[in-house]
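Have a look at the structure below, then the notes.
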Amino acid sequence: EEVVVLDHLHNETTNKATALIPVATFAEADGTLVNNEGRAQRFFQVYMPKNENLRESWRWLDEFRQFKNGRTPEDLEETADLMAEMAQTMPQFKGAEDAAPDASFRIAGQKIPREPHRYSGRTAMLSNINVSEPKPPEDKDSPLSYTMEGYKGMPPAALIPFFWAPGWNSVQSVNKYQKEVGAMLKSGEIGKRILSESGIPLQDFSNHIVGRSPDRPGEWQIIPLNHIFGSEELSMYAHGVAERAPKPYLAINEQTAQLLAVKVGESLKLQIGDLSFTLPVTIKKEMPNGLAGVPYNVAELKRIVWPAAGRLTQ
């Protein structure tokens, strides 16, 4: 009966929320991502939000948990042990707590600056508020600082905030941080592979492609196809990106097209449960038999709930 939403943009879900909690964007938050090879990688807050009461979604949830257990705002525990607690509760994430050094990490007693030493205009940015430069905000959640000051050498790979080398532009200077061009960073690997730590074998997903369900003949497995423009929800708020988003289509391979006697540009009816779509056909040779694809996050197809299976008819 209650819908509690944590988000930083208004959308159809927030409009139906009984409790709406504003949270920080990715640029205002710390977190951990696990990629397709099972590697946990930390990302760090770029800048402090202007509203000091704005929190990351995970921090809100952790505070709610502590309140439920009898904590008061004055007695809240720090979040430094949250990753270790998560790894203990959910063993599949064991090792993620070691993806980057913790907030107590220092080199020669110094934090690692987020800003290069040639960063300029720091005072001018706030001169409309106060001519005197305020004290930089403190970051208690990471070994990084919101300043130019700090350790000037090469930090551990997981904590490199920018690439810079004398006489090189930022893109080319990455070579100075590598053992050789295109090789591993001199300061080690970024992140930590956690599937081997947890005992879960890393499967070769390319050899385990799901096709049609044998017990449901006549159905195709419908998969979402991601596009550079259109599939990412946040970017679709930009008019220029939305203009480049693909129109709805149905992607099948040549064998499926022959089976259904349809050509490129002709339409097929896609039936997924109670949902029905009439879509122009596109041939993609890389589509396996038994699979059909539609562009992900296109407005006309947003009602599809994944994973999905559907019927294709003329």
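Note that the numbering runs from 1 along the sequence shown for the chain. Just the heavy atoms: all of them, side chains too, but no hydrogens, waters or symmetry mates, feed the values below.
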Q.
Would Gln45 and Glu56 count as a side chain to side chain contact (heavy atoms under 4.5 Å, CB included) here? Give the steps.
A. CA-CA 10 Å; Gln45 194 169 349; Glu56 299 102 320; 4.1 Å; yes
Once rounded to the nearest 0.5 Å, what's the spacing between atom [atom1] of [X] and atom [atom2] of [Y]?
{"X": "Glu37", "Y": "Ile194", "atom1": "CD", "atom2": "CD1", "result": "11.0 Å"}
{"X": "Thr32", "Y": "Trp58", "atom1": "OG1", "atom2": "CH2", "result": "9.5 Å"}
{"X": "Leu234", "Y": "Leu9", "atom1": "CG", "atom2": "CG", "result": "5.5 Å"}
{"X": "Glu85", "Y": "Met90", "atom1": "CD", "atom2": "CE", "result": "9.5 Å"}
{"X": "Lys94", "Y": "Gln88", "atom1": "NZ", "atom2": "CD", "result": "10.5 Å"}
{"X": "Met148", "Y": "Glu115", "atom1": "CE", "atom2": "CD", "result": "6.5 Å"}

Electrostatic pair [X]:[Y] at N-O distance under 4.0 angstrom:
{"X": "Glu254", "Y": "Lys263", "value": "no"}
{"X": "Lys135", "Y": "Glu138", "value": "yes"}
{"X": "Arg59", "Y": "Asp62", "value": "no"}

In the structure I gave you, are the side-chain heavy atoms of [X] and [Y] within less than 4.5 Å of one another anywhere?
{"X": "Met48", "Y": "Leu54", "value": "no"}
{"X": "Leu279", "Y": "Tyr249", "value": "no"}
{"X": "Val294", "Y": "Pro248", "value": "no"}
{"X": "Ile283", "Y": "Asn253", "value": "no"}
{"X": "Leu225", "Y": "Ile223", "value": "yes"}
{"X": "Ser142", "Y": "Arg114", "value": "yes"}
{"X": "Tyr237", "Y": "Asn11", "value": "yes"}
{"X": "Glu266", "Y": "Val281", "value": "no"}

Q: Please assess Thr13 against Asp7 for the test side chain to side chain contact (heavy atoms under 4.5 Å, CB included), listing each intermediate value before the final yes or no.
A: CA-CA 9 Å; Thr13 307; Asp7 211 329; over 6 Å; no
Check this for me: [X], atom [atom1], are more than 12 non-hydrogen atoms of other residues, nucleotides or ligands nearer than 6.0 Å?
{"X": "Glu243", "atom1": "CD", "answer": "yes"}
{"X": "Arg106", "atom1": "CZ", "answer": "yes"}
{"X": "Lys152", "atom1": "NZ", "answer": "yes"}
{"X": "Gln110", "atom1": "CD", "answer": "yes"}
{"X": "Leu275", "atom1": "CG", "answer": "yes"}
{"X": "Glu12", "atom1": "CD", "answer": "no"}
{"X": "Tyr296", "atom1": "OH", "answer": "no"}

Q: Go through the steps to decide whether Arg311 and Lys269 satisfy the test side chain to side chain contact (heavy atoms under 4.5 Å, CB included), and finish with yes or no.
A: CA-CA 8 Å; Arg311 295 183 177 275; Lys269 182 179 179 181; over 6 Å; no
Mind checking whether [X] and [Y] sit in one hydrophobic cluster, side chains of I, L, V, M, F, W, Y counted as touching below 4.5 Å?
{"X": "Tyr177", "Y": "Ile190", "value": "yes"}
{"X": "Val264", "Y": "Ile252", "value": "yes"}
{"X": "Leu301", "Y": "Met236", "value": "no"}
{"X": "Val46", "Y": "Phe26", "value": "no"}
{"X": "Met154", "Y": "Val181", "value": "no"}

Examine distances only and state if a side-chain atom of [X] and a backbone atom of [Y] form a donor-acceptor pair shorter than 3.5 Å.
{"X": "Lys111", "Y": "Asp139", "result": "yes"}
{"X": "Gln66", "Y": "Lys68", "result": "no"}
{"X": "Thr18", "Y": "Val3", "result": "yes"}
{"X": "Glu97", "Y": "Gly95", "result": "yes"}
{"X": "Gln314", "Y": "Leu260", "result": "yes"}
{"X": "Trp220", "Y": "Asn289", "result": "no"}
{"X": "Arg55", "Y": "Asn53", "result": "yes"}

Q: May I ask you to check whether Phe229 and His239 place their ring centers less than 6.0 Å from one another?
A: no
**Q.** Partner residues of Ser267 under the side-chain contact (heavy atoms from CB on, under 4.5 Å) criterion, sequence neighbours left out
**A.** Thr278
Of all the heavy-atom pairs spanning [X] and [Y], show the shortest one and how long it is.
{"X": "Pro22", "Y": "Trp60", "value": "O-NE1, 3.1 Å"}
{"X": "Ile222", "Y": "Trp306", "value": "O-CZ3, 3.2 Å"}
{"X": "Phe163", "Y": "Ile160", "value": "CE2-CG2, 3.9 Å"}
{"X": "Phe105", "Y": "Pro156", "value": "CZ-CG, 3.5 Å"}
{"X": "His10", "Y": "Leu20", "value": "CE1-CD2, 3.8 Å"}
{"X": "Gln41", "Y": "Gly191", "value": "CG-CA, 4.2 Å"}

(Q) My understanding is that a hydrophobic cluster links ILVMFWY residues whose side chain heavy atoms are under 4.5 Å apart, including indirect links. Using that, what else belongs to the cluster containing Phe43? (A)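 Grouped by the 4.5 Å side-chain rule, Leu33 form the rest of the cluster around Phe43.
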Q) Using a distance-only test with no angle check, is there a side-chain donor-acceptor pair under 3.5 angstrom linking Asn297 and Glu233? A)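 Absent: no donor and acceptor within the cut-off.
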Q.
Show me the pairs that pass salt bridge (Lys or Arg N to Asp or Glu O under 4.0 Å) and involve residues 164-189, at least two apart or across chains.
A.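 For residues 164-189: Arg39-Glu189.
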(Q) Apply side chain to side chain contact (heavy atoms under 4.5 Å, CB included) to residues Phe44 and Leu159 and explain how you reach the verdict. (A) CA-CA 9 Å; Phe44 296 102; Leu159 297 177; 3.6 Å; yes
